[in-house]
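Order of the sequence lines fixes the chain letters, A, B, ..., with proteins taken first and strands second; residue numbering starts at 1 for each chain. FYI, side chains are in, hydrogens and waters are out, and symmetry mates aren't considered; it's all heavy atoms of this structure.
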Protein chains: 2
Amino acid sequence: MFVPAPDATITNCRNCPLRRKPLFLPFSDSELSFMEQFKVGELVVAPGVTLLEEGQGSAHLFTVLSGLGIRSTMLENGRRQVINFLFPGDFIGLQAGLAGEMRHSVESTTTMVLCVFNRADLWDLFREEPERAYDLTWIAAVEEHFLGETIASLGQRDATERLAWALLRIHERLSAIGLAERGRVPMPWRQQDLADALGLSLVHTNKTIRRLRETGHALWEGGTLFVDRERLATLALADPDRPRRRPLI
Amino acid sequence: MFVPAPDATITNCRNCPLRRKPLFLPFSDSELSFMEQFKVGELVVAPGVTLLEEGQGSAHLFTVLSGLGIRSTMLENGRRQVINFLFPGDFIGLQAGLAGEMRHSVESTTTMVLCVFNRADLWDLFREEPERAYDLTWIAAVEEHFLGETIASLGQRDATERLAWALLRIHERLSAIGLAERGRVPMPWRQQDLADALGLSLVHTNKTIRRLRETGHALWEGGTLFVDRERLATLALADPDRPRRRPLI
DNA sequence: CGACCAGTTGACGGATATCAAGTAGAGTGG
DNA sequence: CCACTCTACTTGATATCCGTCAACTGGTCG
């Protein structure tokens, strides 16, 4: 379930945690070359654009205003892990350690609109606008919580449970920001993306989704997703018949 | 690899991110009953004590001064996931969303010494001591980065790789804070804990560790760990013969 | 001495990865 | 308008990693 930061609605740049640091855009021309369109304070990127690249330093931080994306990393063995999906309201780039190089890539899945900030302005923010800084930390903490949930799913749930959990989570998150229409939300990612997010093979992901479709738990087609919340939640909780790994006290 | 926060050494309470908020301890007597020993500003707990319990609200935040612990969560199906191991320098409790209820448990593995803070003081900190607040956010960001790495390991590495990665990581982290003696670091956790952290069964964890021991990659016995860093790192990087799941462009 | 706990080992089965092949739709160029 | 290509999605067959079961060891604590 998505919990918006206190006093942070997500409609335009004025509501970003860093809003009072209006960005003067110190991108070089070449840095800007991949960008589609641009206006002061906002960055609009087409689908499929790599915003941040693993291994590259970045002088910027972003807030997602609209659109959906992916944060992923490549292992040394060539495998790809999707760390999380990006939704409006997410903050991008803090994880680098506030000052370092990216260890993950960020890519747009749909057209995205982002707020851009100078990393260097961050310290000013803390000094001059504690309220905004607090919001920022709040967002980081919530995100950390979500990552913990993901770890639990990857570690302890089987394929069906993981899919159920992921689809439910995506649906809830998109519904919470008002993107549901008659129970359907946009679902622009590929099966491969979901597979890479859940640590499953593409084939097994496909077959599991088919089963969820056949049983009426979730319908994902044509780029939209419909879910039977209650039944899907039951699935995500796991089979009670399955023996517990360890009673733990 | 552990990256200490700028200007934050980890020896005593004066160096906590929140150090200037000396804690007057608003624990009730009953809250305190489980604690072993107590002095102003520091909390000393015995091994095996549950500091924070899943589902409970907590008015406090902690910084680990010394000792080792575990942060874990229970799934609805009774399985346990260790989210991360706790080392000196870690900050505990922020993930609850800065104001909410715990969704994970924190337990001491060895005797731990902690700094205790009032959650309510956090806002004052942001307003009055931006430098400390910045450090705090920095810590949260680094932690988030580590969780991302964990997600990648759980999703994309097989059992041997995961174990190699985990042992290496623990060894490096403990070495970085000076707890290595002639290449050996304390390793107080059980195989079950490691298994729960890596999403593996206890049996398989045991057998994999045995193989690492037999091949001289890592020696874990008597509560201490020795590793052959280079060879273990090679293992963690994964078998290059294994086909790549997807070339990705 | 018995209970209990962490660690250990072998046998077996199942969930999931891999391999292989095929379908459908969108874009491209002749 | 028709090959041709490319990508996403499908589906069946086979292989294997890893989970589960069961039993045993050694240490500690009462």
Atom-to-atom span, CD of B/Gln191 to P of D/dT25 - whole angstrom:
18 Å

Any chance the side chains of A/Ser153 and A/Arg162 put a donor and an acceptor closer than 3.5 Å?
no

Among residues 209-226 of chain B, which residues get a heavy atom nearer than 4.0 Å to DNA chain D?
none

I want to verify a distance call: between D/dT20, C/dC19, C/dG7, whose nearest atom is closest to the A/Val203 side chain?
C/dC19

Tell me, do B/Leu154 and B/Gln81 make a side-chain contact under 4.5 Å, heavy atoms counted?
yes

Carboxylate-amine/guanidinium contact B/Arg173 B/Asp90, below 4.0 Å:
yes

For atom NE2 of B/His204 and atom P of C/dT16, their distance in whole Å
15 Å

In whole angstrom, give the distance that lies between atom CG of A/Leu194 and atom P of D/dA8.
14 Å

I would like to know whether B/Trp165 and B/Thr150 meet side-chain contact (heavy atoms from CB on, under 4.5 Å); could you show each step before the answer?
CA-CA 9 Å; B/Trp165 169 81; B/Thr150 302; 3.6 Å; yes

For A/Thr205 and A/Ser201, the nearest pair of non-hydrogen atoms, with its separation, is OG1-O, 2.7 Å

What I'd like to find out is whether the side chain of B/Pro186 reaches to under 4.5 Å of the side chain of B/Thr110, using heavy atoms alone.
no

With five pairs defining each end axis, the helix from C/dC1-D/dG30 to C/dG30-D/dC1 comes out bent, to 10°, by 30°

Out of C/dA17, C/dT9, D/dG19, whichever nucleotide has its closest atom nearest the side chain of A/Ser201
C/dA17

Please lay out, stage by stage, how A/Ile83 and A/Leu147 fare under the test side-chain contact (heavy atoms from CB on, under 4.5 Å).
CA-CA 8 Å; A/Ile83 300 177; A/Leu147 294 190; 4.1 Å; yes

Measure from CD on B/Gln156 to C1' on C/dT16 and round the result to the nearest Å.
14 Å

Does B/Lys207 get its side chain close enough to the base of D/dG19, under 3.5 Å, for a donor-acceptor pair?
no

Under-4.0 Å side-chain N/O to phosphate OP1/OP2 contact, B/Asn206 with C/dT8
yes

Whole Å only: how far is the CG atom of A/Asp158 from the P atom of D/dT20?
10 Å

Nearest whole angstrom, please: distance from the P of D/dT7 to the CZ of A/Arg190.
10 Å

Contact list for residues 215-226 of chain A, test salt bridge (charged side-chain N to carboxylate O under 4.0 Å, His left out), sequence neighbours left out
none

What is the separation between atom CG on A/Leu202 and atom C1' on C/dA21, rounded to the nearest whole Å?
14 Å

Classify the ring geometry of B/Phe85 against B/Trp189: parallel below 30°, tilted from 30° to 60°, perpendicular beyond 60°.
tilted

What integer distance in Å separates A/Leu200:CG from D/dC18:P?
14 Å

